[in-house]
2 protein chains.
Amino acid sequence: MSLQDTSQHSNCTAMSDVLNRIGDKWSVMVVGMLGRQGTLRFNELKRLINGVSQRMLTLTLRNLERDGLVTRTIYPEVPPRVEYALTELGKTLQQPISALWDWSSENHGSIMDARAIYDARSAAVAEDAPRKVAYVGSEGRLAGARSI
Amino acid sequence: MSLQDTSQHSNCTAMSDVLNRIGDKWSVMVVGMLGRQGTLRFNELKRLINGVSQRMLTLTLRNLERDGLVTRTIYPEVPPRVEYALTELGKTLQQPISALWDWSSENHGSIMDARAIYDARSAAVAEDAPRKVAYVGSEGRLAGARSI
DNA sequence: CCGTATCCACATCGATACTG
DNA sequence: CAGTATCGATGTGGATACGG
């Protein structure tokens, strides 16, 4: 709503909106899996995607279905069978997702390295920090300013 | 290529890890802005990215810096000046991000349409619910056929 | 087998106030 | 200008239990 006109690029809203839906890891995983494997049942997806809870998988699939990225086909059998697959729109999303996926596996190492360096430096700085609060007394400015 | 190994858990964790950092909208916005505009100061970024709070921009920039995607340059002046820019690694991230960005602006309309259809059906089903699904008409072309 | 519903610990984020 | 600190509302996600 208040996200209008971020610079001249009016499609920032679109980007935000899309990112809010497909920007979480479960959605990316599901699209990736369905893109590679084709059609999958609920529990197949659950097994393939490590760590996802039933609840989150259901929610993710519902959102993807709602956004027209995934089809949900129910076979009225016993036991029930439900199959998921990408729509045409969902298939087009595969390319940008694969690009991001490739970038990730390619650069994950660099990121980990950068983090290690950054954290090492932060730790070093933190060790010097206490010096600047060595002594707090004798400043008369507290005299009348005791406002609790 | 790498997409073939995506069934391996090692790649999934890399993807998860990367997505957890760069998968939120503020990071994407920042990288997008810095990619387009080059070097920007803190408040320039804040103005360009509509809706971001000072706190979130700071946190986002710190994370991006930690991951080696953004440089932070402090000029010891009064008033202080701090400039942010993409690193080489950050620049390589631009491609997958703009791919996603392009996809978003291109397909946001389709998604909104799909949502409208889905919501309309859900509402209809909810109204029939007490009577146990009498008729599931309204053949929608969910699966594809998206005009360009 | 495929969900939905409930509870709750936990993280996230915005608002606000303050500093150098 | 460019942060840091704190707090409270809100959201998120896992565990669990149950229903079709």
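First the proteins, then the strands, lettered A, B, ... as listed; each starts at 1.
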Quickly work out the A/E77 CD to C/dC2 P distance and round it to whole Å.
10 Å

Report the distance from atom CG of A/L61 to atom C1' of C/dC2, rounded to the nearest whole Å.
11 Å

Should the pair A/R115-B/D17 be classified as a salt bridge under the 4.0 Å nitrogen-to-oxygen rule?
yes

Separation of D/dC1 atom P from B/R47 atom CZ, nearest Å, is 7 Å

Measure the spacing between CG of A/L34 and CG of A/L86 and express it to the nearest 0.5 Å.
5.0 Å

Working for side chain to side chain contact (heavy atoms under 4.5 Å, CB included), residues A/Q37 and A/L48
CA-CA 10 Å; A/Q37 314 272 344; A/L48 283 172; 4.2 Å; yes

Just jot down the side-chain hydrogen bond (donor to acceptor under 3.5 Å, both in side chains) partners of B/W103, sequence neighbours excluded, or say none.
A/T92, B/N107

What distance separates B/I22 CD1 from A/S104 OG, expressed to the nearest 0.5 Å?
6.0 Å

Output the rounded distance in Å from CZ (A/R41) to C1' (C/dC1).
7 Å

Starting at CG of A/L64, measure out to OG1 of A/T87 and round the result to the nearest 0.5 Å.
9.5 Å

Heavy atoms under 4.0 Å, any strand shown: does B/Y75 hit a base, just sugar-phosphate, or nothing?
nothing

How would you summarise protein contacts on nucleotides 4-19 of chain D per nucleotide, using B for base, S for sugar-phosphate only and - for none, with heavy-atom distances below 4.0 Å?
B-B------BBB----

Roughly, in whole Å, what's the span from CD1 in A/I74 to C1' in D/dG20?
12 Å

Nucleotide C/dC13, atom C1' - distance to CG of A/N20 in whole Å
13 Å

Please report, rounded to the nearest Å, how far the P atom of D/dA2 is from the CG atom of B/L45.
10 Å

Can you measure A/L59 atom CG to C/dA5 atom C1' for me and round it to whole angstrom units?
11 Å

